[in-house]
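Here is the structure we will look at.
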Amino acid sequence: MTSSEELHKRRLAVVAKGVGSTISAYVDHAGGGTLTDVDGREWIDFASGIAVTNVGNAAPRVVEAVRAQVERFTHTCFMVAPYESYVAVCEQLVDLTPGSFEKRAALFNSGAEAVENAVKIARHATGRQAVVVFDHAYHGRTNLTMALTAKNMPYKHRFGPFAPEVYRAPMSYPLRDGGLDGAEAARRAIDVIEKQVGASNVAAVLIEPIQGEGGFVVPAPGFLPAIAAWASETGAVFIADEIQTGFCRTGQWFASEHEGLEPDLITTAKGMGGGLPIAAVVGRAELMDAVHAGGLGGTYGGNPVACAAALAAIETMRELDLDAAARHIESILTTALSEIAGTDDGIAEVRGRGAMIAIELVKPGTIEPDAARTAAVSKACHEAGLLTLTCGTYGNVLRFLPPLVIPDEQLRRGLDLLTTALRDN
Ligand code: PLZ
């Protein structure tokens, strides 16, 4: 078999440099908590392909559903010749998402595409243009979603000009906003929106209930409900970007549920497809149906193979109770990490929900970000065979996103490797 080293050489000759990879080993196969590279080395997976393989890699139901579907037909385009599985995925979305109102859904290919469409729908339905997003937000890499994303490097640098009518409000970031409570942080954000944008101009307020790429920032309790209430009072559409947090990742089907939110629209992708590319916007029927017939779509949106995978992934989540599994992972991770943090002054915080947990690394005794140590610890994890990811505006957050089906034994083995990496770096 070709080695990672050889593959890497081939890659350098043909793959654009702008496309990076966290590790230099090439994958041969993967399962419910481990990846095996082409050199036969096993990795413990604390990444899930960035919160995608919630049901595990090559989950049996997903594999079977995909295989059966490709044998029947691979593509007709739902806009040309529709099929049942698209409708069935929308039925599941309408049923599973929070919100006791009449809903509709539409399917797309990627998270960024779902966010773009949610903004299109909100603008169309309200007749307004402004979109409010938050500090540290991540919403994608397309032109509009780059504008919505906060961080310059690597996402936006020299890729402008960006889409107009995007406004940024301060986020609730308990470690870094001087301990504002949720209501205070919401008041601060709303003040910025009202003074700098004007309530009557706001089409949508778009927010990740727990920020992903921005650093697994969990806003102070009460922040999200206060922002949602303001949107509702002023006629703005409240959009929860649940692309990273959705589908059992945080210990509920959707992270909005932790604070009883009923977002007007929800964007989802990643976990919903069990590894195949599929995304959705789901929400209030009167908003979704405001758009004229033919106004939403795309060649591949809700591709039948991806729909088959999504139905199988959702069935797996129900059958294996993966929201409960995420809560179980949370208790193992937070117990172990809090213990480590107790003896490591460089860990400012252990935070997150479910199987979306992170530690933020700082210079001891301060809240000054320690990106260098974060990179060193992550590298040491990789050398030891644990696939971890970093994130955060300051590059100083180590995040843990195991598949929700990971066996306890692998989770604990991963934690041991992490403990050693933290001790040695
Ligand atoms: N919204 C909340 O987390 C994708 C990005 C990785 P796509 N996050 C991983 C990278 O460096 O490109 C994400 C997200 C939230 C939107 C997106 C975008 O989803 O499927 O990557 O387009």
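Both counts, for ligands and for their atoms, begin at 1 and track the order of listing. Quantities reported herein were computed from a predicted structural model and do not represent experimental measurements.
- Checked for salt-bridge contact, E319 and R61 meet the test: a charged N lies under 4.0 Å from a carboxylate O.
- Heavy atoms of Q211 found under 4.0 angstrom from ligand 1: none, in either backbone or side chain.
- Counting protein heavy atoms only, atom 3 (O) of ligand 1 is closest to Q244 NE2, 2.8 Å.
- Here's the thing with Y155: none of its N/O atoms is less than 3.5 angstrom from an N/O atom of ligand 1.
- The protein heavy-atom contact nearest to atom 6 (C) of ligand 1 is I50 CD1, 3.6 Å.
- Between E360 and R351 there is a salt bridge, since a side-chain N of the basic residue sits under 4.0 Å from a carboxylate O of the acidic one.
- Contact of the L411 side chain with the I44 side chain is not registered, since no non-hydrogen atoms from C-beta on lie closer than 4.5 Å.
- Given atom 7 (P) of ligand 1, the protein heavy atom at minimum distance is G111 N, 3.4 Å.
- Taking distance alone, with nitrogen or oxygen atoms compared against 3.5 Å, G140 stays at or beyond that limit from ligand 1.
- Looking at R353 and D323, no side-chain N of the basic residue comes within less than 4.0 Å of a carboxylate O on the acidic one, giving no salt bridge.
- Salt bridge annotation for K120-E116: absent, with no cationic side-chain nitrogen under 4.0 angstrom from a carboxylate oxygen.
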Report task. Evaluate the side chain to side chain contact (heavy atoms under 4.5 Å, CB included) criterion for residues W43 and I23: first the C-alpha distance (whole Å), next the side-chain angles of each, then the deciding distance (0.1 Å), finally the verdict. Result -> CA-CA 11 Å; W43 297 70; I23 58 172; 3.8 Å; yes

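- Looking from atom 11 (O) of ligand 1 to the surrounding protein, the closest heavy atom is R141 NH2, 2.7 Å.
- Considering backbone and side-chain N/O of E208, none are found under 3.5 Å from N/O of ligand 1.
- At a 4.0 Å cut-off, at least one heavy atom of K270 sits close enough to ligand 1 to count as contact.
- Salt-bridge check for E64 with R67: passed, with a basic side-chain N closer than 4.0 Å to an acidic carboxylate O.
- Within 4.0 Å of atom 21 (O) of ligand 1, not a single protein heavy atom is present.
- The shortest N or O to N or O distance between E113 and ligand 1 is not under 3.5 Å.
- Only the side chain of E213 comes within contact range of ligand 1, with a heavy atom under 4.0 Å; no backbone atom does.
- Among all non-hydrogen protein atoms, the one lying nearest atom 17 (C) of ligand 1 is Y138 CE2, 3.7 Å.
- Looking at ligand 1, you won't find any N or O of I243 less than 3.5 Å from one of its N or O atoms.
- For atom 1 (N) of ligand 1, the closest heavy atom belonging to the protein is D241 OD2, 2.7 Å.
- Because its NZ or CZ atom is not both nearer than 6.0 Å to the ring centre of F247 and within 45° of the ring axis, K270 does not count as a cation-pi partner of that residue.
- Using a 4.0 Å cutoff on heavy atoms, S110 counts as a contact of ligand 1.
- Atom CZ of R41 has more than 12 neighbouring heavy atoms from other residues, nucleotides or ligands inside a 6.0 Å radius.
- For atom 18 (C) of ligand 1, the closest non-hydrogen atom of the protein is A112 N, 3.6 Å.
- Between E6 and R11 no salt bridge is recorded (no basic side-chain N to carboxylate O distance below 4.0 Å).
- Within 6.0 Å of NZ in K379 there are 12 or fewer heavy atoms belonging to other residues, nucleotides or ligands.
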